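Computed from a predicted structure; not experimentally measured.
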Amino acid sequence: SSDLTTAAIRADLYEARGDAELLAAELEKLIELKEYAGDEYIKLYKLASAGEDPKERLRVADKIIMYVKGHSAFVTDYMPVIAVMFNAADSVRYVEYEHDQEYYFSTAEEFMDKAVENGIAEENLLKIKIVIAERRGKTELAYRLLGVYLNHCPDDALAIKEKEYLKNRLGVE
């Protein structure tokens, strides 16, 4: 429709100009007009993340959760959504909010199950599980999962460093 085209052009212009306020308004219009607006939600989240208000970031994360749950048939790439859940879990540590870290980790796991149905690579899934285990404070589990990951991806330099770090934290020989 012409409204959709107009909103998309305006959003691109505002993004190019760096006008966050007008861009956010156009993204909201696009979200209302499009059948699948996952990309617009992710852009809106990035705008909220650049702002000073962590609660606004969490409100947009919650909108993404509701949206993705209602439109899962349209989602082909859950990785950006899972990244938002991690970011929200970090943000909620610093503010009083209606949800806690565990809510966002559990939601990330729920979306991981959907990502598996959509063919996410197992090594990516394993990386996410490692991060969640670490952030939940389950260091031993993260260490064991890293071992599994490195059996299949032995050349991942970051994973090797992380395993050494966890090994030292656990005092494992």
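- The shortest heavy-atom contact between Ile130 and Ala142 is O-CB, 4.0 Å.
- Between Leu4 and Leu30, the shortest heavy-atom distance links the atoms CD1-CD2, 3.6 Å.
- Residue pairs meeting the salt bridge (Lys or Arg N to Asp or Glu O under 4.0 Å) criterion with at least one member in residues 146-170: none, sequence neighbours excluded.
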Taking distance alone, no hydrogens or angles, what donor-acceptor pairs closer than 3.5 Å link side-chain atoms of residues 104-111 to residues at least two apart or in another chain?
| unit_1 | atom_1 | unit_2 | atom_2 | d |
| --- | --- | --- | --- | --- |
| Tyr104 | OH | Asp62 | OD1 | 2.7 |
| Ser106 | OG | Glu102 | O | 2.9 |
| Ser106 | OG | Glu102 | OE2 | 3.1 |
| Thr107 | OG1 | Tyr103 | O | 2.7 |
| Glu109 | OE1 | Arg136 | NH2 | 3.1 |
| Glu109 | OE2 | Arg136 | NH1 | 2.9 |

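- Not one N or O on the side chain of Lys29 forms a donor-acceptor pair closer than 3.5 Å with the backbone of Thr6.
- With hydrogens and angles disregarded, a donor-acceptor distance shorter than 3.5 Å links the side chain of Gln101 to the backbone of Ala89.
- At most 12 non-hydrogen atoms from other residues, nucleotides or ligands lie less than 6.0 angstrom from NZ of Lys138.
- Once rounded to the nearest 0.5 Å, the distance linking CG of Leu158 with SG of Cys153 reads 12.5 Å.
- Counting only residues at least two apart or on different chains, the salt bridge (Lys or Arg N to Asp or Glu O under 4.0 Å) pairs with a member in residues 79-92 are Asp90-Arg93, Asp90-Arg135.
- For Lys63 against Tyr41, the heavy-atom pair with the smallest separation is CB-CE2, 3.8 Å.
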Please table the atom pairs, donor to acceptor, closer than 3.5 Å between any side-chain atom in residues 31-39 and protein atoms at least two apart or in another chain.
| unit_1 | atom_1 | unit_2 | atom_2 | d |
| --- | --- | --- | --- | --- |
| Lys34 | NZ | Glu40 | OE1 | 3.4 |
| Lys34 | NZ | Glu40 | OE2 | 2.8 |

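- With respect to the salt-bridge test (charged N to carboxylate O, under 4.0 angstrom), the residues Arg59 and Asp53 qualify.
- Interatomic distance, Leu170 CG to Glu140 CD, rounded to the nearest 0.5 Å: 5.5 Å.
- In this structure, CD1 in Ile42 is found 4.5 Å from CD1 in Ile64, a value given to the nearest 0.5 Å.
- Here the shortest heavy-atom pairing between Arg57 and Gly51 reads NH2-O, 3.7 Å.
- Residue Glu26 comes nearest to Ala7 through the heavy atom pair OE1-CA, 3.4 Å, listed as atom of the first residue, atom of the second, then distance.
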Side chains of residues 75-87: which donor-acceptor partners sit under 3.5 Å, not counting sequence neighbours?
| unit_1 | atom_1 | unit_2 | atom_2 | d |
| --- | --- | --- | --- | --- |
| Asp77 | OD1 | Met79 | N | 3.0 |
| Asn87 | OD1 | Tyr45 | OH | 2.9 |

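- Between the CG atom in Leu146 and the CD1 atom in Ile160 there is a gap of 10.5 Å [rounded to 0.5 Å].
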Between side-chain atoms of residues 8-23 and protein atoms elsewhere (two or more places apart, or another chain), which donor-acceptor pairs fall under 3.5 Å?
| unit_1 | atom_1 | unit_2 | atom_2 | d |
| --- | --- | --- | --- | --- |
| Glu15 | OE1 | Lys43 | NZ | 3.4 |
| Asp19 | OD1 | Glu21 | N | 3.4 |
| Asp19 | OD1 | Leu22 | N | 3.2 |

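- Put simply, the side chain of Glu134 does not reach to within 4.5 Å of the side chain of Thr139, judged on heavy atoms.
- Between the NZ atom in Lys127 and the CD1 atom in Ile132 there is a gap of 14.5 Å [rounded to 0.5 Å].
- With contacts defined as side-chain heavy-atom distances shorter than 4.5 Å, the pair Leu125/Lys129 qualifies.
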